[in-house]
Amino acid sequence: MTRTVRFHELGGPEVMRLEDVDPGEPGPGEVLLRVEAIGINRAEALFRAGHYIEPVKELPARLGAEAAGVIEAVGPQVAGFAAGQAVSVVPAFSANDYGVYAERALVPAAALVHRPADVDAISGAAVWMPYVTAYGALVEVGGLRAGDTVVINAASSSVGLAAIHTALRVGAVPIAVTRTGGKRRRLVEEGAAEVIVSERDVSGRVLELTDGRGAEYVFDAVAGPGVTDLASAVAPGGTHFLYGALSGLPTPYPGFDLGMPALNLRTYTMMETTRDPQRLARAVAFVTAGLRAGAFRPIVDRVFPLEEIVAAHRHMESGTRFGKIVVTTG
Ligand SMILES: NC(=O)c1ccc[n+]([C@@H]2O[C@H](COP(=O)([O-])OP(=O)(O)OC[C@H]3O[C@@H](n4cnc5c(N)ncnc54)[C@H](OP(=O)(O)O)[C@@H]3O)[C@@H](O)[C@H]2O)c1
């Protein structure tokens with residue numbers, strides 16, 4: 001038996017309970033992981049509340065798609081991984097199938113990345129989701145290049161910060177958008193070329209900063225009614241990625257209101273990257289090179305013990321964070 005977070009009904013953070021559950025034996029393509037640290041992801045709050053893009057199929061349900069730990073046992077048909085190896089887990093599976101909020105958990109080997117000896121468990125749990133999400137959209141799908149401008153909202157989120165670093169890594173210009181004036185200085189320290197403190201009317205400032213051209217990319221975690229303003233700051237032929245829905249409000253399609261510009265408006269999830277082995281391999285190579293060069297680093301906001309998982313989710317939902325929330329099992 002192993003301590004595992006489950007929820008028996010949909011709702012707020014308080015529905016999560018720490019229970020003794022048998023993790024089971026690893027089946028074909030699976031490993032049993034001794035979990036050391038867990039990365040907390042907004043999608044988990046949405047899944048728990050019944051608002052995620054994928055509904056909860058069965059209760060009680062588990063949570064968690066990002067972790068670092070050590071492999072305890074390997075199932076049949078697993079190549080490249082062995083018991084005793086330190087690994088990270090990247091989100092590459094349905095929350096209805098696996099959950100890593102536990103001291104030990106089954107995970108598919110296809111979601112594992114080897115963890116170098118100099119990467120501790122907290123860093124190993126915090127680093128992959130943000131960088132793979134940003135890389136997959138901006139570089140793999142978008143083709144972000146040196147000199148391009150990218151507007152990044154919810155900039156203090158773990159993905160927003162990774163997008164700033166990713167833009168800098170390829171020589172592009174990151175413009176950060178935050179609702180919170182108190183985060184400006186730290187966003188500049190993380191490399192934002194400009195910080196716009198606003199939830200609305202961002203486009204005027206972006207057009208000013210780009211000499212009227214607009215930004216080649218908008219990397220939008222907020223969506224909702226603000227999409228029309230942000231889309232009006234996209235350069236002709238540019239791409240507006242919608243990868244989150246933090247506003248919680250309906251998102252209009254802005255193309256007609258804006259006079260049918262050459263606008264690519266595209267939804268994106270990191271599963272496009274993590275469920276394609278070749279794309280995942282390219283993402284791992286890009287992120288690993290960035291980490292080795294010191295250009296990428298996990299920015300950890302706060303660490304909670306597993307017993308305080310409810311507090312960890314409450315902290316996520318407070319919107320006060322700067323970087324990644326991590327939960328440890330030790
Ligand atoms: N598509 C994918 O594959 C994928 C993968 C991972 C995450 N995501 C999405 O990426 C986003 C960031 O995730 P995360 O886990 O790094 O951080 P997060 O906890 O979702 O975001 C934290 C930041 O978002 C901003 N924010 C929070 N609520 C907001 C609201 N109602 N309106 C506008 N901004 C709000 C705040 O930043 P400021 O104070 O700076 O404004 C806050 O510090 C989420 O939307 C998540 O669902 C998508």
Side-chain angles (χ1 to χ4, degrees), residues 29-31 33 36-37 39 41 65-71 74 77-82 84-93 100 107-148 150 152 157-174 190-191 216-217 219 239 241 243 266 268-300 323-324 326:
E30 291 179 337
V31 307
L33 186 72
E36 295 176 300
N41 186 322
E66 302 167 55
V70 174
I71 296 175
V74 173
Q77 296 156 36
V78 171
F81 294 98
Q85 288 179 337
V87 291
S88 291
V89 180
V90 296
F93 45 81
V100 298
V107 284
L112 296 181
V113 176
H114 286 287
R115 179 157 56 95
D118 59 344
V119 177
D120 64 23
I122 290 175
S123 301
V127 80
W128 287 102
M129 179 284 274
Y131 284 106
V132 171
T133 304
Y135 162 86
L138 293 172
V139 181
E140 177 83 36
V141 173
L144 181 71
R145 290 180 306 189
D148 289 340
V150 52
I152 300 158
S157 70
S158 64
V159 184
L161 292 164
I164 292 173
H165 296 165
T166 298
L168 293 174
R169 178 86 176 141
V170 302
V173 180
E190 290 303 329
E216 282 73 20
Y217 300 89
F219 193 50
T239 300
F241 284 105
Y243 76 98
R266 190 192 195 284
Y268 167 82
T269 83
M270 68 179 302
M271 300 288 178
E272 285 184 50
T273 310
T274 58
R275 287 183 176 174
D276 176 330
Q278 289 179 347
R279 282 189 169 194
L280 180 58
R282 287 196 290 272
V284 168
F286 182 85
V287 177
T288 304
L291 290 167
R292 291 218 174 102
F296 298 165
R297 60 203 162 275
I299 298 171
V300 176
K324 191 83 183 155
V326 175

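Because only heavy atoms are used, hydrogens play no part in the values below, and waters and symmetry mates are left out as well, while side chains stay in.
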Any chance you could lay out the side-chain contact (heavy atoms from CB on, under 4.5 Å) test for M129 and V159, step after step, and finish with the verdict? CA-CA 8 Å; M129 179 284 274; V159 184; 3.6 Å; yes

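- Between I164 and I152, the shortest heavy-atom contact is N-CD1, 3.7 Å.
- Looking only at side-chain heavy atoms (C-beta outward), V70 and E36 come within less than 4.5 Å of each other.
- Closest approach of A37 and V326 over heavy atoms only: CB-CG1, 4.0 Å.
- Two residues are said to be in side-chain contact when any heavy atoms from C-beta on lie closer than 4.5 Å; D148 and V173 fail this criterion.
- Looking at R115 and Q85, their side chains never come closer than 4.5 Å, going by heavy atoms from C-beta outward.
- In this structure, Y131 and T166 approach most closely via the heavy-atom pair CD2-OG1, 4.0 Å.
- Contact detail for L33 and G69: the closest heavy-atom pair is CD1-C, 3.8 Å.
- Shortest non-hydrogen contact noted between A134 and F219 is CA-CZ, 3.9 Å.
- Using a distance-only test at 3.5 Å, with no hydrogens or angles considered, no donor-acceptor pair links the side chain of H165 to the main chain of G191.
- K324 and E66 are joined by a salt bridge, as a carboxylate oxygen and a charged side-chain nitrogen come within less than 4.0 angstrom of each other.
- By the 4.5 Å heavy-atom criterion applied to side chains, Y243 and M270 are not counted as neighbours.
- Note that the OG atom of S157 and the CD1 atom of I299 stand 10.5 Å from one another [nearest 0.5 Å].
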Apply side-chain contact (heavy atoms from CB on, under 4.5 Å) to the pair F286 and R169, showing each step before the final yes or no. CA-CA 10 Å; F286 182 85; R169 178 86 176 141; 4.0 Å; yes

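- The closest side-chain donor-acceptor pair between Y268 and T273 falls under 3.5 angstrom.
- Two residues are said to be in side-chain contact when any heavy atoms from C-beta on lie closer than 4.5 Å; I71 and L112 meet this criterion.
- Residues L280 and V90 are in side-chain contact: their nearest non-hydrogen atoms beyond the backbone lie under 4.5 Å apart.
- At least one side-chain heavy atom of L138 sits less than 4.5 Å from a side-chain heavy atom of F241.
- A heavy-atom distance below 4.5 Å is not found between the side chains of V107 and E30.
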Evaluate the side-chain contact (heavy atoms from CB on, under 4.5 Å) criterion for residues V87 and V113: first the C-alpha distance (whole Å), next the side-chain angles of each, then the deciding distance (0.1 Å), finally the verdict. CA-CA 6 Å; V87 291; V113 176; over 6 Å; no

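- Smallest separation of non-hydrogen atoms from G124 and S88: O-OG, 2.8 Å.
- Applying the salt bridge (Lys or Arg N to Asp or Glu O under 4.0 Å) rule to R266 yields the partners E272; only residues at least two apart in sequence or on another chain are considered.
- Applying the side-chain contact (heavy atoms from CB on, under 4.5 Å) criterion to E140, with sequence neighbours excluded, gives Y135, R279, R282.
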